[in-house]
Amino acid sequence: MPESNQLSASFRDPSGFLFTRDGVLLRQINRSYADEYTRLMDSGLYDRLVKAGLLIPHVEADQAPVQAEFVFKVIQPERVPFISYPYEWSFSQLKDAALATLSIQKRALKAGMSLKDASAYNIQFVRGKATLIDTLSFGLYKEGQPWDAYRQFCQHFLVPLALMAHVDVRLSQLLRVYIDGVPLDLASRLLPFRTRLDFGLLTHIHVHAGAQTRYADADVKQTAPRAQMSQNAFLGLLESLEGAVRKLEWKPAGTEWGNYYDITNYSDAAFEHKKQLVGEWTARIEPSVVWDLGANNGVFSRAAAASGAFTVAFDVDPAAVEQNYRQVKAAKEQTLLPLVLDLTNPSPSLGWANRERDSFAQRGPADLVLALAVIHHLAISNNVPLPQLADFFAEAGRRLILEFVPKSDSQVKKLLATRADIFPTYTLDGFEAAFAPRFKILEKVDLRDSERTLYFMEVR
Amino acid sequence: MLFSPPPYLDPGSGSIIIQVLIASLLAIGIALRASWSKIKSLFGKKDQAVDQDDDNADA
């Protein structure tokens, strides 16, 4: 029998788990989840959610289980092209993930079911839309029952969104520290007083935080039998959460590179030449996954995605990623995923035993990496020696399109204006010598009307 | 009975208590809205608030 590997991110739920066999992603559903799975499928809830793009589609697979003593069924879910995490999402991505979760929960209630968790990690962007990927998230709902996942929803969605909207958009990075969502008491202390004047934020964050402290030692079994709420009350709660989420707004303005393309030293000719080369070279190798590192708002990611490749557009600036995501939504683009990532400190592996959330590198390699006008930021601003950059790019992807920005370029001059030039090897020759051990140059073109050079390379 | 079967997350006592309080408060609003739309329908006005969540798919 082929080897099966249980995925380390899905160990918490006794209802089943994910595993891979021969590169195919499968999910074992245990007998303890038989009633729930049957209700999900037979009530029409599954069909409605899949049709709305809110739940990942699956087929029942004729595959041997991993743990035969517990098995009810084995299903094969559609594979997500790139797994991303909430600390890599822009404001609107997290907001859409929150609204999708609430929309799913409302539809579930109508079918006599209720989400037993509301984890942001259960949402992924599939065909440009926030989609629930955990088919085993649905529990049976009985009138009177409150929402077990209420606290989790607040910590994973409402709290970080409120902090991003009312304090600073960079606070999304708290999700990287607190893997089960930002603690309510911390949020309550960080949020400004005006958030107490908003009924939704007052109740779901501030009062909620107070209640947690007050009832921290209370026995759930004592309080629980009295804690009943009607289905109307449940719907009221969901609508209140939805209203609170919808009201939170953040507009990208005034950040460093938000209007990068207006202040660049690029001529239109160089810009168009670069776009044309990226498009041509990408189309030539027909990659299935492209990573654009330093994508800004995704102009060149789109030149790559035009070849049909699924393109992940990473940028450190939340404003650029937000702009990019809004474009994806407006044009209903299905093969582009904008994400926030600091290349000088990319997402680490996180969680229990460091195995729950994959690092940036673990999610690769891509078929093609774009590194357009980023090398000077890494080599000069961040002092990374060129051979180390070659190693990094060689591990990230099998092929590389890299734009070399020389010292004579005004952008590099700006970086060197306030510091000593300790980079004697940062030249075209120095760059080629440093990358030669890891890469073979396929093509090298001087960009028209510019001092920059575009390289098309392949890992040796 | 509240938890049958036992929840797979710990919902937290404070979170359960506060959500039941908030939800009960909001239920009054929902009930009022429902009666109001009934009254309106007596006068031949159609209720547009129903089934809003079906458009959320595009949110």
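Protein chains get the first letters and strands the later ones, always in sequence-line order, with residue 1 at the start of each.
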Report summary line: Rounded to the nearest 0.5 angstrom, the CD1-CG distance for B:Ile16 and A:Asp148 is 5.5 Å

Query raised in the report: Which value, rounded to the nearest 0.5 Å, describes the distance between B:Ile30 atom CD1 and A:Asn232 atom CG?
Result: 5.5 Å

Requested in this report: Heavy-atom distances under 4.5 Å only: say whether A:Gln231 touches chain B with side chain, backbone, both or neither.
Outcome: neither

Report task. Let me see the working for B:Ile22 and A:Tyr150 under side chain to side chain contact (heavy atoms under 4.5 Å, CB included), right down to the final yes or no. Result -> CA-CA 12 Å; B:Ile22 298 168; A:Tyr150 170 67; 3.6 Å; yes

Query raised in the report: When rounded to the nearest 0.5 angstrom, what distance separates CG in B:Leu25 from CE in A:Met229?
Result: 12.5 Å

Query raised in the report: Of the non-hydrogen atoms in A:His208 and B:Ser15, which two are nearest, and what is the gap between them?
Result: NE2-OG, 2.7 Å

**Report entry** A:Arg151 side chain vs B:Gly14 backbone, donor-acceptor pair below 3.5 Å
**Finding:** no

Report task. Answer yes or no: is there a side-chain heavy-atom contact under 4.5 Å between B:Leu26 and A:Phe234? Result -> no

Report summary line: Taken to the nearest 0.5 Å, the spacing of B:Gln19 CD from A:Cys154 SG works out to 8.5 Å

Query raised in the report: With sequence neighbours left out, which residue pairs that include part of residues 113-128 of chain A fulfil the salt bridge (charged side-chain N to carboxylate O under 4.0 Å, His left out) condition?
Result: A:Asp13-A:Lys116, A:Glu78-A:Arg127

Report summary line: Looking only at heavy atoms, the pair that brings A:Ala233 and B:Ala27 closest together is CA-CB, 3.5 Å

Requested in this report: Please name the pair of heavy atoms, one in B:Ile18 and one in A:Ala211, separated by the smallest distance, quoted to 0.1 Å.
Outcome: CB-CB, 4.0 Å

Query raised in the report: Is the backbone of B:Gly12 close enough, under 3.5 Å, to the side chain of A:Gln212 for a donor and an acceptor to pair up by distance?
Result: no

